[in-house]
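Note that ligands are numbered from 1 as they come in the structure, with each ligand's atoms numbered from 1 the same way. Just so you know, residue 1 is the first one in the sequence shown, and it goes up from there. Everything numeric here is computed off the predicted structure, so don't read it as measured data.
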Amino acid sequence: MPTIRETLRDAARRLEAAGVPDARDDAALLLSHVTGEPQLNLRADPERPVSPVALAAYEALVSRRARREPLQYITGEAWFMGLCLKTAPGVLIPRFDTETLCQQAMERMNGAERVLDLCTGSGALAVAIAGTFPQARVLAGDISDTAARLARENAARCGADVEVRLGDLFAPFAGERFDIIVSNPPYIPAGALKSLQEEVRREPALALDGGPDGLDFYRRIIKEAPGYLVPGGWLLLEIGSDQGAAVCGLMAKDYREIERYSDLNGLSRVVAGRIRDGVYTDHAAEDRP
Ligand code: GLN
């Protein structure tokens with residue numbers, strides 16, 4: 001029987017040859033996932049043999065990873081703001097980058113706000129906010145039924161009170177007003193989708209494709225949000241690192257206190273702004289003939 005050391009070495013070589021970015025880390029993580037043993041245990045005792053049953057299961061997962069399936073789809077989980085969320089093919093994997101948006105939203109909360117998370121995907125933002133502020137009323141929406149179901153599952157799994165509705169952007173929230181609206185919408189320019197990392201191309205285009213210039217969803221959200229914000233309410237958006245000026249420009253007319261925030265890599269990652277006084281859209285009126 002091969003030892004833990006040999007097993008990890010062989011897997012890391014295979015993953016490396018397949019072009020997997022963090023081959024050694026992923027090899028160790030998958031072995032820990034298969035055996036149910038913390039990585040520290042495995043490292044502490046590398047000469048221990050790996051059982052044939054564990055080895056067979058491990059080989060299957062390593063093969064999937066070598067085909068560039070995202071690690072988080074294979075393990076079925078991803079961490080976000082200290083929460084272990086469930087992942088599923090067909091739904092964008094929560095990213096560390098998005099914690100910047102989450103933190104900025106949380107800094108604007110006292111606890112009793114009504115919060116809306118548009119394009120919630122796995123529910124990461126909504127679940128983290130609701131879990132931290134149990135007095136808040138947190139709603140979330142997504143156009144994908146697979147995403148809406150996963151978001152509900154993640155809320156239940158984390159004991160967070162989130163109401164998830166299915167529909168296109170604001171459509172399921174007619175007649176409601178929020179203190180804070182957050183969104184990590186699709187923002188990759190359509191033409192750039194093909195050149196994304198292999199793993200990202202396994203994620204749903206629906207969650208990534210922001211139209212010809214990547215700004216389609218910002219245009220819609222920024223235009224429609226005044227109909228769903230209370231006076232002084234905040235809109236916070238995750239952005240691609242080169243979209244800051246464009247998104248700030250789109251917000252200039254109806255929002256004030258517009259700020260950009262960077263992630264830990266120093267890249268622009270969030271734009272936030274408050275609705276200007278007097279900008280009030282009665283969206284119910286828009287629906288009348
Ligand atoms: N940050 C993601 C990526 O670079 C994109 C997420 C999105 O479009 N909302 O893959």
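The residue among E203, R201, R269, R95 with a heavy atom at the shortest distance from atom 3 (C) of ligand 1 is R95. Comparing Y187, F217, F96 against atom 6 (C) of ligand 1, the shortest heavy-atom distance belongs to Y187.
Listed for the R276 side chain is no donor-acceptor partner under 3.5 Å among the backbone atoms of R256.
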Would you sort out whether R152 and E163 count as a salt bridge (Lys or Arg N to Asp or Glu O under 4.0 Å), showing the intermediate values?
CA-CA 8 Å; R152 285 186 198 112; E163 187 182 327; over 6 Å; no

Verify salt bridge (Lys or Arg N to Asp or Glu O under 4.0 Å) between E77 and K86, making sure each step is shown before the conclusion.
CA-CA 4 Å; E77 56 191 39; K86 191 174 161 189; over 6 Å; no

Passes side-chain hydrogen bond (donor to acceptor under 3.5 Å, both in side chains), T98 versus E238? Steps please.
CA-CA 7 Å; T98 304; E238 178 167 314; 2.7 Å; yes

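In terms of protein heavy atoms, atom 4 (O) of ligand 1 is closest to I188 CD1, 4.1 Å. Protein heavy atom at the shortest distance from atom 9 (N) of ligand 1 is P185 O, 2.6 Å.
Inclusion of V200 in the set of residues having an N or O under 3.5 Å from an N or O of ligand 1 is not warranted.
Under the 4.0 angstrom criterion for non-hydrogen atoms, N184 is in contact with ligand 1.
V230 is not connected to M109 by any chain of hydrophobic side-chain contacts under 4.5 Å among Ile, Leu, Val, Met, Phe, Trp and Tyr, and they are in different clusters.
Under a 4.0 Å criterion applied to the non-hydrogen atoms of A207, ligand 1 contributes the atoms 7 (C), 8 (O), 9 (N).
Residues Y228 and F178 place their aromatic rings such that the two centres sit no closer than 6.0 Å.
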